[in-house]
Peer 1: 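Handing you this structure, nothing more for now.
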Number of protein chains: 2
Amino acid sequence: MADTRDPQSGTRRQALLQAAADVFFEQGYVATSIDAIIERAGGSKRNIYSEFGSKQGLFAAIVRENSDSALSTLAADDVEGLDLAETLAAFGRHLLDVYMSPTVVGIYRIAVTEAHRFPELVKSFYEQGPGRTTSRLAEVLERAMQRGEIRNGDCERLADHFVGMIRDNLHLQVVLGLRPAPSQEEVCAAVGSAVEVFLEGVRAR
Amino acid sequence: MADTRDPQSGTRRQALLQAAADVFFEQGYVATSIDAIIERAGGSKRNIYSEFGSKQGLFAAIVRENSDSALSTLAADDVEGLDLAETLAAFGRHLLDVYMSPTVVGIYRIAVTEAHRFPELVKSFYEQGPGRTTSRLAEVLERAMQRGEIRNGDCERLADHFVGMIRDNLHLQVVLGLRPAPSQEEVCAAVGSAVEVFLEGVRAR
DNA sequence: TGTCAATGGTAACGCTCATTACCGGAGGCC
DNA sequence: GGCCTCCGGTAATGAGCGTTACCATTGACA
């Protein structure tokens, strides 16, 4: 048992959340026991129950906190001002980095299985994450369309296509634990190729 | 309890597998109890233990059988002989149908969470499913490249792009239980748009 | 220093579950 | 018809779980 207790209760809460996230993301919700979390964080179960009330409360806190911090960067980046190719490439690289991060892979895994146990959590995860991302990309495409850089079409759908290309088999393999997260070079290569195909595919003719 | 027992032991085995798959795919591996399966299939737990040995054995049989039957159609279709656009569209529609089917959605869900509990099963699921599919598409693209219809490039990667476009946010929403499977018209529209972008994006210049 | 409140550790409770021991009855064989 | 074997149902077993009751210890304050 690695005792991570700390005098400041704020960091203590963080340590509990971190330990719990590690176990939840690796084992899944049902298979995670409070004991396993305590074994990692030190202290006793009383800590968890006084801080979070229940296993569900702890889990909800984790998803809320992690999806906030990890996904908010997706909405906050201002990659525009460059030309469309550079914008898409920067967007794609950032997207892939976030999708491949252990935290988001963990949330993704658990969202998929616990969909019907925590529908509201899953809904807010999707809306804050993939949903918002796709909408923002659709706006970028909309402006490019008005500038005449790409041909007319349904920008939401085109954004879906691009995001899908970014989140392809590579992502699936990582989520399934079949391979480690890609290196920076692999990310650049994959995104570069996707941007090339996409841009050529939607260019105004 | 709906008793689905049947004199022929083959169909009895099938009924058990079907009931078990229903529960496993909805609840996940850990949260599924043998009792819940029996409640659905009728009979008693002894049946399961004499036929499959253990919960793990039952689960493995389900994944093996279902991924065989559902995914084999992906390798067996002969959509070639048409022009590339039609080939891709037919391929994409079939792919999307399979990915959206309740069985494959169920397997997908459970593969994502149980990745580290059943690594070999997940590996074989990937190889038989997305892996083999992508390879087959890559071969199609390779031949098109040799015919000069598409520009030079890494066909495996291009196939990844196409498969990713097909398996986009729509698929994610279905997997997360946020919306029902798409209608035939929606499938056609999504695939049509993806084929258009992809084909234009890889066309020889 | 003595009292009080709160924090946190331990152990217990009630429940669920996978697995198995046990038993009754059905059907084949003499 | 009588015996025996096997199949399937029931109930028990033992472990693990979330949650909580209870108790010790500690630190503050008078």
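Convention: sequence-line order gives letters A, B, ...; per-chain numbering from 1.
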Peer 1: What integer distance in Å separates B/Y29:OH from C/dC17:C1'?
Peer 2: 12 Å

Peer 1: In whole Å, I'd like the distance from the CD1 atom of A/I48 to the P atom of D/dC17.
Peer 2: 13 Å

Peer 1: Can you tell which of C/dA18, C/dG9, D/dG18 lies closest to the side chain of B/S33?
Peer 2: C/dA18

Peer 1: Whole angstrom is fine here: how far is it from CD1 in B/I37 over to C1' in C/dT16?
Peer 2: 15 Å

Peer 1: Find the distance B/N47:CG to C/dA18:C1' and express it as a whole number of Å.
Peer 2: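 Taking atom C1' of C/dA18 as the reference, CG of B/N47 is at 16 Å.
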
Peer 1: Provide, to the nearest angstrom, the distance between the CD1 atom belonging to B/I34 and the C1' atom belonging to D/dG8.
Peer 2: 16 Å

Peer 1: Quick one: does any side-chain atom of A/K55 pair with a main-chain N or O of A/Y49 as donor and acceptor, under 3.5 Å?
Peer 2: no

Peer 1: From CD1 of B/I38 over to P of D/dT10, roughly how many Å is that when rounded to an integer?
Peer 2: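 My rounded result for the distance is 11 Å.
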
Peer 1: Where the side chain of B/S44 is concerned, which of D/dG18, C/dT19, D/dG8 is the nearest nucleotide?
Peer 2: D/dG8

Peer 1: In whole angstrom, give the distance that lies between atom CZ of A/F59 and atom C1' of D/dG18.
Peer 2: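 My rounded result for the distance is 16 Å.
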
Peer 1: Main chain of B/V63, side chain of B/N66: is a donor-acceptor contact present, judged purely on distance under 3.5 Å?
Peer 2: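 The answer is no, because no donor-acceptor pair under 3.5 Å joins these two groups.
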
Peer 1: Can you figure out which of D/dG18, C/dT20, C/dG8 approaches the side chain of B/R46 most closely?
Peer 2: C/dT20

Peer 1: Would you confirm whether B/R151, through its side chain, and B/G201, through its main-chain N or O, come within 3.5 Å as a donor-acceptor pair?
Peer 2: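 Yes; judged by distance alone, with no hydrogens or angles, the pair exists.
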
Peer 1: State which residue, out of B/V195, B/T133, B/L95, B/L88, fulfils the side chain to side chain contact (heavy atoms under 4.5 Å, CB included) condition with B/I166.
Peer 2: B/L95

Peer 1: Which nucleotide in the set C/dG9, C/dT20, D/dC17 lies at the smallest distance from any side-chain heavy atom of B/Y49?
Peer 2: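 Within the option list, the nearest is C/dT20.
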
Peer 1: What nucleic acid atoms does A/S50 come within less than 4.0 Å of, heavy atoms only: base, sugar-phosphate, or nothing?
Peer 2: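 Nothing, no heavy atom under 4.0 Å.
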
Peer 1: For B/G53 and for A/K45, find the nucleotide of DNA chain C with the closest heavy atom, then tell me which residue's nucleotide is more 5'.
Peer 2: A/K45

